[in-house]
Chemist: 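Below you will find the structure I want to go over with you.
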2 protein chains.
Amino acid sequence: MPKSSNSDHKKTTVNPPERREELLAIAAEVFAAQGYNATTVRKIADAAGMLAGSLYYHFDSKESMLDEILSGFLDELWARYDAVLGAGLGPRETLEALVTESFREIDRHLAAVAIYQKESKHLGTRPHFAYLVESQQKFEKAWLGTLERGVAAKVFRADLDVRLTYRFVRDTVWVAASWYRPGGRHSPEEIARQYLSMVLEGIALHDS
Amino acid sequence: MPKSSNSDHKKTTVNPPERREELLAIAAEVFAAQGYNATTVRKIADAAGMLAGSLYYHFDSKESMLDEILSGFLDELWARYDAVLGAGLGPRETLEALVTESFREIDRHLAAVAIYQKESKHLGTRPHFAYLVESQQKFEKAWLGTLERGVAAKVFRADLDVRLTYRFVRDTVWVAASWYRPGGRHSPEEIARQYLSMVLEGIALHDS
DNA sequence: TAACCTACCAAACACTTGTTAGGGAAGGAG
DNA sequence: CTCCTTCCCTAACAAGTGTTTGGTAGGTTA
């Protein structure tokens, strides 16, 4: 659980998270499009219609914006994942629910997901972003556990390397963020359905 | 076909590509680890045991290094892809061969593939890197065509969105570059085999 | 020896980067 | 009206950026 890190900011504003969220959404979009390092604070300010220095009224630093975007995304993701994992579903149903929730999350937080995909790997080495690797470990535990339960219950194949299967399923789902566009031809649920069909049944034509 | 872009460099060196390739390999590794924009020429020079300015004896610019790395990778990739596509195989065999060649390419050019994954999207907008989107279009044509042939020949399922299937297969293969490490437990061929098994047959247990 | 080429270093350049300090316009509260 | 808070601007800063210029040690060729 990422401790939301940025404990306090500026004064004791009573109802602050108004313009703040707006600016975070803008920053997230620029980060996702250009990459974190290639994004200058001046570009963010441009997109927000203000000057670079003005951003520092709302945020402590460029890095704290990234931090807030990523931890906010992970907080919401885990709220939904935990609900699924605590529902007492069978392994196949759990996997289906996790995949569906993942696509919903991509639909809602596309920019944050894209940033996470691109930057989390080398951000994880920095101590301030240690919660990224914690989350990733928890993530692996949840998915791997589900797959192993499925193998034990004979609903998933036993002749595959489980860790390879895990990476296969995980990547399959999350890279979709690189091409998915909200409001496109397929809803998140429709994409989840087809992806699950491919992952579970394969794309080859079986005679049944 | 990326025109190799960097037409001439420096004098008319007879046997130059000795230290050059070495430096490119080093640069590729740093680019892959830190991201292109986060990589300074001084870091590359450090890794090579020399000073930043000295790199400019071998290369015109930081961008030309990236260009050479990416176009070199794509040239080799397409040499192998074209061989597969021209072999007159059936759709399923073509797909298997493409996947296998892809994993082999990841094994050989891991750094270049990782860079391509991370940077190609926003590099494609720059005119100098237009060959990246050309390659991507050719790529889509080859894979989509193979899938459609397979559907027509009734070896692939017809009830799936073909474009979705394409992205599914493409992504599952290439994101492997984010976790694959040469010399690990599985050879590229072994990974290809298991991936193909998952993609074609699914991970669910079927009664047969 | 002299001329030459290769591969690097040393030092600086113009520019961009994230960040800060001080100020000021707008509007509500007293 | 005055005070205060919110939100932004102006202007600058120090550090870091990619790149250039001139030089030089060491080997090869003549």
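Quick note on labels: first sequence line is chain A, next is B, and so on, each numbered from 1. The figures here come from the full heavy-atom set of this structure, side chains too, leaving out hydrogens, waters and symmetry mates.
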Chemist: Roughly how many Å is it from OH in B/Tyr57 to C1' in C/dC8, rounded to a whole number?
Modeler: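 About 9 Å, once rounded to whole Å.
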Chemist: Which part of the nucleic acid, if any, lies within contact of B/Ser54, taking any heavy atom under 4.0 Å across all strands shown: a base, the sugar-phosphate backbone alone, or nothing?
Modeler: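 Answer is base: heavy atoms of B/Ser54 come under 4.0 Å of a base.
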Chemist: Indicate whether the side chain of B/Asp171 and that of B/Tyr166 have a donor and an acceptor atom separated by less than 3.5 Å.
Modeler: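 B/Tyr166 and B/Asp171 do not have a side-chain donor-acceptor pair below 3.5 Å.
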Chemist: Tell me the interatomic distance from B/Met50, atom CE, to D/dA25, atom C1', rounded to whole angstroms.
Modeler: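 Between C1' of D/dA25 and CE of B/Met50: 16 Å.
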Chemist: Just how far, in rounded Å, is P of C/dG18 from CG of B/Asn37?
Modeler: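 That distance rounds to 11 Å.
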Chemist: Let me confirm one number: the CZ-CG distance from B/Phe168 to B/Leu160, rounded to the nearest 0.5 Å.
Modeler: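 The CZ atom of B/Phe168 sits 9.5 Å away from the CG atom of B/Leu160.
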Chemist: Report the distance from atom CG of A/Asp46 to atom C1' of C/dG18, rounded to the nearest whole Å.
Modeler: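 Answer to the nearest Å: 15 Å.
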Chemist: Is the shortest distance from a Lys or Arg side-chain nitrogen in B/Lys138 or B/Asp82 to a carboxylate oxygen in the other one below 4.0 Å?
Modeler: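 Judged by the 4.0 Å cut-off on N to carboxylate O distance, B/Lys138 and B/Asp82 do form a salt bridge.
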Chemist: Could you work out which one of D/dT19, C/dG18, C/dC8 sits closest to the side chain of B/Ser61?
Modeler: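 Of D/dT19, C/dG18, C/dC8, D/dT19 is nearest to the side chain of B/Ser61.
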Chemist: Verify the ring-centre separation between A/Tyr180 and A/Phe103: is it less than 6.0 angstrom?
Modeler: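 Not close enough - the centres of the two rings lie 6.0 Å or further apart.
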Chemist: Among D/dT19, C/dG18, C/dC9, find the nucleotide with the atom closest to the side chain of A/Val41.
Modeler: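 So the nucleotide nearest the side chain must be C/dG18.
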Chemist: Assess whether one donor atom and one acceptor atom, taken from the side chain of A/Arg42 and the base of C/dG18, lie less than 3.5 Å apart.
Modeler: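 Between C/dG18 and A/Arg42, which were checked side chain against base, a qualifying N/O pair under 3.5 Å is present.
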Chemist: Report yes or no: does A/Thr125 contribute a side-chain atom to a donor-acceptor pair with the main-chain N or O of A/His122 at less than 3.5 Å?
Modeler: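 Yes.
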Chemist: Can you tell which of C/dG18, C/dC9, D/dT10 lies closest to the side chain of A/Leu51?
Modeler: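 The closest nucleotide is D/dT10.
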Chemist: Grab the CD-P distance between A/Glu18 and D/dC7 for me, whole Å please.
Modeler: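 It is 8 Å, rounded to the nearest whole Å.
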Chemist: Compare the minimum distances between each of D/dT17, C/dC8, C/dT19 and the side chain of B/Arg19, then state the nucleotide with the smallest one.
Modeler: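 Per side-chain heavy atoms of B/Arg19, the pick is C/dC8.
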Chemist: Rounded to whole Å, please give me the gap between CD1 in B/Ile44 and C1' in C/dC8.
Modeler: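 Spelled out: CD1 on B/Ile44 to C1' on C/dC8 is 17 Å.
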Chemist: Side-chain N or O of A/His58 versus OP1/OP2 of D/dT6: is the shortest distance under 4.0 Å?
Modeler: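 False: A/His58 side-chain N/O out of range (4.0 Å or more) of D/dT6 OP1/OP2.
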Chemist: Take atom NZ of A/Lys62 and atom P of C/dT17, then tell me their distance rounded to the nearest Å.
Modeler: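 From A/Lys62 NZ to C/dT17 P: 9 Å.
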Chemist: Whole angstroms only, please: what is the CG-P distance between B/Leu55 and C/dA7?
Modeler: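 After rounding, the reported distance stands at 14 Å.
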Chemist: Where each residue is assigned the nucleotide of DNA chain C containing its nearest heavy atom, which of B/Gly49 and A/Lys43 is assigned the position nearer the 5′ end?
Modeler: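 Its nearest nucleotide being more 5', the pick is B/Gly49.
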Chemist: Quick check on D/dT20: is either OP1 or OP2 less than 4.0 Å from any side-chain nitrogen or oxygen of B/Tyr56?
Modeler: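 Checking D/dT20 against B/Tyr56, no side-chain N or O comes under 4.0 Å of OP1 or OP2.
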